[in-house]
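Report on the structure given below.
Values below: every heavy atom of this structure, side chains too, minus hydrogens, waters and symmetry copies. Throughout, a chain's letter reflects where its sequence line sits, starting with A, and its residues are numbered from 1.
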Protein chains: 2
Amino acid sequence: MSHDRLECAAQIREQGFRVTPQRLLLLDAICEGNGHTTFDEIYERVKSKAPGINQATVYRSLDFLCELRLVVSAEIEGRTVYEIAGETPHHHLVCRKCGAVQDLADFHFEELRSHLLEEHGFKTDLDHMVLNGLCAGCMKNQS
Amino acid sequence: MSHDRLECAAQIREQGFRVTPQRLLLLDAICEGNGHTTFDEIYERVKSKAPGINQATVYRSLDFLCELRLVVSAEIEGRTVYEIAGETPHHHLVCRKCGAVQDLADFHFEELRSHLLEEHGFKTDLDHMVLNGLCAGCMKNQS
DNA sequence: ATTACTGCAAAGGATTTGCATGTGA
DNA sequence: TCACATGCAAATCCTTTGCAGTAAT
């Protein structure tokens with residue numbers, strides 16, 4: 001659940017890229033969230049610590065961090081959200097009514113994953129899936 | 001796999017909306033595809049038959065048809081794709097390398113669906129899921 | 001005769017890009 | 001030092017909106 005600045009920095013440097021304050025701030029900002037941080041949230045958080053930062057830099061650095069797999073992204077209701085990678089793999093249940101997001105452990109997908117590999121020869125990422133639906137609360141209120 | 005203009009028209013009229021040539025052309029255009037038709041493809045196809053049609057109309061009509069559930073949409077690699085609804089429910093395997101899309105029968109998800117309902121009280125739509133990964137061909141070429 | 005729908009053009013928002021400057025290695 | 005990154009501003013892309021005219025019922 002925690003991200004380690006040092007380790008991230010090492011990985012960035014290892015691959016021949018540069019450790020900049022902006023990139024570290026971004027990692028911090030993504031980490032601060034409850035796990036599903038939008039671009040705007042990230043931008044605001046970083047700007048509060050480094051007012052001079054530019055949106056373009058945030059876009060570029062997010063892409064960069066995603067490519068290095070230090071950060072992962074998912075699409076939730078049309079918005080791209082970011083999370084620190086390397087945490088235990090998990091997925092998201094998004095209620096289409098109230099918008100609540102809850103995490104879902106990865107083991108639910110293990111069978112599907114191995115099945116697709118054996119039967120279809122398809123190696124799914126199955127990473128950070130977003131499942132839409134109706135949460136328990138909203139189902140009650142609806143019926 | 002086929003769409004029935006008459007039935008669609010009936011459903012539109014039933015709900016108090018109007019059956020316009022544009023809407024019928026859109027349905028045809030979506031149907032012509034292999035099942036995952038992008039906005040641009042739809043727009044081009046319709047324009048070839050009715051050059052006067054406007055992009056805004058296509059956007060509006062697609063939204064309209066989706067709301068009536070005559071058409072369903074999914075996000076594949078950042079692009080929204082459309083399909084005629086009412087076909088047997090299915091999902092998509094998208095290769096992140098070559099971009100190939102193959103259909104996946106729904107039954108693979110039945111267990112997950114019921115499990116989430118019982119265990120988490122969460123009723124997933126699990127409709128038109130898009131699973132990214134590596135297809136058999138690309139896996140071979142990579143290793 | 002209504003009023004939903006379309007076409008047009010302009011607005012809006014999100015993301016990308018070119019280029020000069022700055023900075024980490 | 002020198003290539004990688006950043007900041008800035010403009011460009012681009014996708015989608016939405018207001019409004020006047022058109023057409024389905």
Exercise. Is the distance from OP1 or OP2 of D:dG7 to the nearest side-chain N or O of A:T57 less than 4.0 Å?
Worked result: yes

Exercise. Are more than 12 heavy atoms from other residues, nucleotides or ligands located less than 6.0 Å from atom CD of A:E111?
Worked result: no

Exercise. Counting just side-chain N and O atoms, does A:T20 come under 4.0 Å of either OP1 or OP2 of C:dT23?
Worked result: no

Problem set entry | Spacing of A:F17 atom CZ relative to D:dA3 atom C1', expressed in whole Å | 12 Å

For this session: Determine the interplanar angle of the A:H120 and B:H108 rings, folded into 0 to 90°, and report it as parallel if under 30°, tilted if 30 to 60°, perpendicular if over 60°.
Result: perpendicular

For this session: Classify the ring geometry between A:F39 and A:Y59 as parallel (under 30°), tilted (30 to 60°) or perpendicular (over 60°).
Result: parallel

Using a cutoff of under 3.5 Å, can you pull out all pairs of nitrogen or oxygen atoms linking the protein to nucleotides 11-14 of chain D, with atom names and distances?
none

Problem set entry | Gap between atoms CD1 and P, on B:I53 and D:dT22 respectively (whole Å) | 17 Å

For this session: Rounded to the nearest angstrom, tell me the gap between atom CZ in B:R60 and atom C1' in C:dT6.
Result: 6 Å

For this session: Indicate, yes or no, whether a donor-acceptor pair under 3.5 Å links the base of C:dG24 to the side chain of A:R13.
Result: no

Exercise. Expressed in angstrom and rounded to an integer, what is the separation of A:L26 atom CG from D:dG7 atom C1'?
Worked result: 15 Å

For this session: Check every atom of D:dT6, D:dT17, D:dT25 against the side chain of B:R18 and return the nucleotide holding the closest atom.
Result: D:dT25

For this session: Provide, to the nearest angstrom, the distance between the CD atom belonging to A:Q55 and the C1' atom belonging to D:dA9.
Result: 12 Å

Exercise. Quick check: does any side chain N or O of B:R23 sit under 3.5 Å from a backbone N or O of B:R18, one acting as donor and the other as acceptor?
Worked result: yes

Exercise. Looking for any heavy atom pair under 4.0 Å, which part of the strands does B:F39 touch: base, sugar-phosphate only, or nothing?
Worked result: nothing

Exercise. Any side-chain N or O of B:Q22 less than 4.0 Å from the OP1 or OP2 oxygen of D:dA23?
Worked result: no

Exercise. Hey, does the side chain of A:R45 reach the backbone of A:D28 with a donor-acceptor pair shorter than 3.5 angstrom?
Worked result: no

For this session: Give the rounded distance in Å between these two atoms: CD of A:E14 and P of C:dA25.
Result: 14 Å

Problem set entry | Co-membership, hydrophobic cluster, residues A:L116 and B:V101, 4.5 Å side-chain | no

Exercise. Can you tell which of C:dC8, D:dA5, C:dT2 lies closest to the side chain of A:F64?
Worked result: D:dA5

For this session: Please check if the side chain of B:D125 supplies one atom and the backbone of B:D127 the other of a donor-acceptor pair under 3.5 Å.
Result: no

Problem set entry | Length of the line joining A:K47:NZ and D:dT6:C1', which is rounded to integer Å | 16 Å

For this session: Remember a base hit wins even if backbone is also touched, and classify B:G52 as base, sugar-phosphate or nothing at under 4.0 Å, heavy atoms.
Result: sugar-phosphate

Problem set entry | DNA chain C: 5'-proximal contact among B:R23 and B:A56 (nearest heavy atom) | B:R23

Exercise. Atom CD of A:Q15 and atom C1' of D:dC4: how far apart are they, to the nearest Å?
Worked result: 15 Å

